[in-house]
2 protein chains.
Amino acid sequence: MKKTSLNDIAQQLGVSKTLVSFVLNGKGKEFRISDDICKKVIDLAKELNYQPNRIAQGLRTGKTNTIGLIIADIANQFFGKLGREIEQEAARHGYRVIFCSSDENPEKSKQQIAMLQQSQVDGFIISPPMNSEEQIRSLSKSNIPYVLIDRYFPEIESNYIVIDNFDAAYRATSHLLKLGRKRIANLTVNLDLVIMKERTEGYKQALRDAGVEIDENLVKVLPFTHDNKDIDRTIKDLVGKRNNKKADAILFSTSKLGIMGIECISALGLKIPEDLAIVSFDDPDAYRICVSPVTVINQPLKEIGKMAVQVLLNKIKHPIAKNQTITLKTDFIIRKSCGS
Amino acid sequence: MKKTSLNDIAQQLGVSKTLVSFVLNGKGKEFRISDDICKKVIDLAKELNYQPNRIAQGLRTGKTNTIGLIIADIANQFFGKLGREIEQEAARHGYRVIFCSSDENPEKSKQQIAMLQQSQVDGFIISPPMNSEEQIRSLSKSNIPYVLIDRYFPEIESNYIVIDNFDAAYRATSHLLKLGRKRIANLTVNLDLVIMKERTEGYKQALRDAGVEIDENLVKVLPFTHDNKDIDRTIKDLVGKRNNKKADAILFSTSKLGIMGIECISALGLKIPEDLAIVSFDDPDAYRICVSPVTVINQPLKEIGKMAVQVLLNKIKHPIAKNQTITLKTDFIIRKSCGS
DNA sequence: AAAAATGACTAAACCGATTTAGCTAAAATA
DNA sequence: TATTTTAGCTAAATCGGTTTAGTCATTTTT
């Protein structure tokens, strides 16, 4: 049973497919098609369960109503939630989204961009891995609408939606300081991204402003392919028995780090918050039910997703629109992991 | 700067686009195009950075190399991980995937199926919500390749990949019994799906086989739009102070329930596993770092995703292929939530 | 020497929509 | 009455590929 096409309807009614197209696109009035014929077309379309072929449409119009989304990993709850918001907002505007996980691998994201371009997506929403500046720049050059999320490249003029990472880390660190913690560590990831630097900068500035000396030994940069062993070693290093300058708190720059970190901390038999206070970026489910529910910096994912889609669609509609750079504030959610 | 098309290449070289198409599809030899011309075409294509328009290709060939994926919610880690595997396996075969979250809403999934059909996806991978039999059956009727995952409808002849839910629940319950628990509750969800019934059946059979009387008061079916309050009430009901027939263990049928349940249990000041032993389906991050790491029934997500794609692609290639129904075994991962 | 095969290529149809330009008859205006 | 408008419609081009059915020399076979 072949699908019904415009032509099928046209032939069965003995009219041109032009007419059918007009009618089904609601342009009957505009093109002065008689009410009588309009009705017939609409009725037959319904009867034959006509579904427009969006591919054909796309070829002709150059618009596919499809967005390409490139994130690090959809299985990571941060991106899962973000993806969900994007999908939802896109759907609200009649757009579909093709999901791609880049695994922080610029080679992969390059391929994915190429693939999505071939698929004629109308635009991109990208959380760019490090070292992917070239690809992003080439998107700009090709005049393809895109929006960066979560990360951005200061040297590239583009749309982006990010959070105020400096401020978030600053507040989190200040919170720890206020509670009397002095030896606050920062566990971060060796993704060479501005946002990660900003997080560490916010942390350092809070220490400075509180007159606490910055100890570079407390800033730990882990490979982003975090291995349990790396984290384990690092945690032991920070709070090990033989360490007479133990850390008394940790600020995790990502939830992936945090989750693995907490696993190690528990395995070491350390108590949160007694032995170690904890704050982390992002708010996965895990943080609400763990030993000591984690105080977090929660990103406004709904807002980020919504904005990303809106900015993108705006750029698609108005290609000459000025780039929008949006920085959102975070929520600080206090739970039990820092004591009180 | 317009994109390069086949025609552009053809014109610049003064050959037909037929020839260019042949060459770029690696059919130069087959169609006896001279090596000389082949080389010229390939070189120019590279120079102009030719990217085939998959939309045009799709229109002509009727194949878009795109899969439509419908799951309940990509922000749910179970589906996130599953989606990830599907994306990966699809990519390995040159397929893209459009993600749709149905929120367990059959109306929504119906719309999404229609939308994806219009987009001419080559096939579907669907985790069907309850009451969506009609839509699934209509896919069958239209001869559109599809594979169900996680859930299935026994009365519909289709491809599906599921786990042995009965066996999984049976083993989990037996484990609890072996550890001396007698008042084992089952918290499940009012999704009218066979798999949920199978889970509860496995649970009941294990009790029967152990000679433990089944107490229907211990089987709690919660609305799938789980509200914290519902769960809270239910947990209190099961282990409340005034209850002289308290539950001493809970088998959670989904991780979403489990996560919320553990939150409530902790809030009530109950100790896991001392006061209450816990086993749950699925293995989100949360379960590894919570108060007492949770013993779980882990689904082989990698396998499910891989199989789903392979079965689907097979069906796409061989539309007359017989339906495949695959039931996978689960892993039982023992942690601390049941005591020892 | 005629017929068949081979080598190297092309014209044109086709997929299913959108869109531009234009046609005809009837009605309105000059 | 001649001209313009309007109403109601259609033919054909177009998007960018794929694919079928050739064409025309040249070479090989009979």
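Heavy-atom basis, side chains included; hydrogens, waters and symmetry copies ignored. Chain naming here is simple, since letters A, B, ... match the order of the sequence lines and numbering starts at 1 in each.
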Distance in Å, [X] [atom1] paired with [Y] [atom2], rounded so as to fall on 0.5 Å steps:
{"X": "B:Lys317", "Y": "B:Lys63", "atom1": "NZ", "atom2": "NZ", "result": "10.5 Å"}
{"X": "B:Ile304", "Y": "B:Ile163", "atom1": "CD1", "atom2": "CD1", "result": "6.5 Å"}
{"X": "A:Ile136", "Y": "A:Glu157", "atom1": "CD1", "atom2": "CD", "result": "14.0 Å"}

field: Nucleic acid contacts - residues 5-20 of chain B versus DNA chain D, non-hydrogen atoms under 4.0 Å
entry: B:Ser5, B:Leu6, B:Lys17, B:Thr18
- prompt: Across the strands shown, which category fits A:Ile37 at heavy-atom distances under 4.0 angstrom: base, sugar-phosphate, nothing?
  reply: sugar-phosphate
message: Just to be sure I understand the rule, does B:Lys27 reach a base, reach only the sugar-phosphate, or reach nothing, if contact means heavy atoms closer than 4.0 Å?
response: sugar-phosphate
message: Tell me whether B:Lys306 is salt-bridged to B:Glu303, with the criterion being a basic N under 4.0 Å from an acidic carboxylate O.
response: no
- prompt: Less than 4.0 Å between a side-chain N and a carboxylate O, is that true for B:Asp73 and A:Lys81?
  reply: no
Could you state the atom-to-atom distance from [atom1] of [X] to [atom2] of [N] in whole Å?
{"X": "A:Glu30", "N": "C:dT19", "atom1": "CD", "atom2": "C1'", "value": "11 Å"}
{"X": "B:Phe22", "N": "D:dT19", "atom1": "CZ", "atom2": "P", "value": "9 Å"}
{"X": "B:Arg60", "N": "D:dC15", "atom1": "CZ", "atom2": "P", "value": "18 Å"}
{"X": "A:Asn25", "N": "C:dT19", "atom1": "CG", "atom2": "C1'", "value": "11 Å"}
{"X": "B:Leu59", "N": "C:dC15", "atom1": "CG", "atom2": "P", "value": "9 Å"}
{"X": "A:Tyr50", "N": "C:dT18", "atom1": "OH", "atom2": "P", "value": "6 Å"}
{"X": "A:Gln51", "N": "C:dC15", "atom1": "CD", "atom2": "P", "value": "20 Å"}
{"X": "A:Phe31", "N": "C:dT19", "atom1": "CZ", "atom2": "C1'", "value": "8 Å"}

Could you go through nucleotides 22-28 of chain D and list every protein N or O atom that sits under 3.5 Å from one of its N or O atoms, giving the distance for each pair?
none

- request: Take the angle between the ring planes of A:Phe22 and A:Phe31 and call it parallel below 30°, perpendicular above 60°, tilted in between.
  value: parallel
task: Name all pairs fulfilling the ring-ring contact (aromatic ring centres under 6.0 Å, His included) condition that reach into residues 133-156 of chain B, sequence neighbours left out, sorted by first residue then second.
output: B:Tyr152-B:Tyr160
query: Under 4.0 Å between a side-chain N or O of B:Ser21 and OP1 or OP2 of D:dT18?
result: yes
field: Phosphate-side-chain proximity, A:Thr61 and D:dC15, N/O vs OP1/OP2 below 4.0 Å
entry: no
task: Return yes when atom CD of B:Gln111 has more than 12 non-hydrogen atoms of other residues, nucleotides or ligands closer than 6.0 Å, and no otherwise.
output: no
message: Side chains of A:Arg84 and A:Gln88: any donor to acceptor distance under 3.5 Å?
response: yes
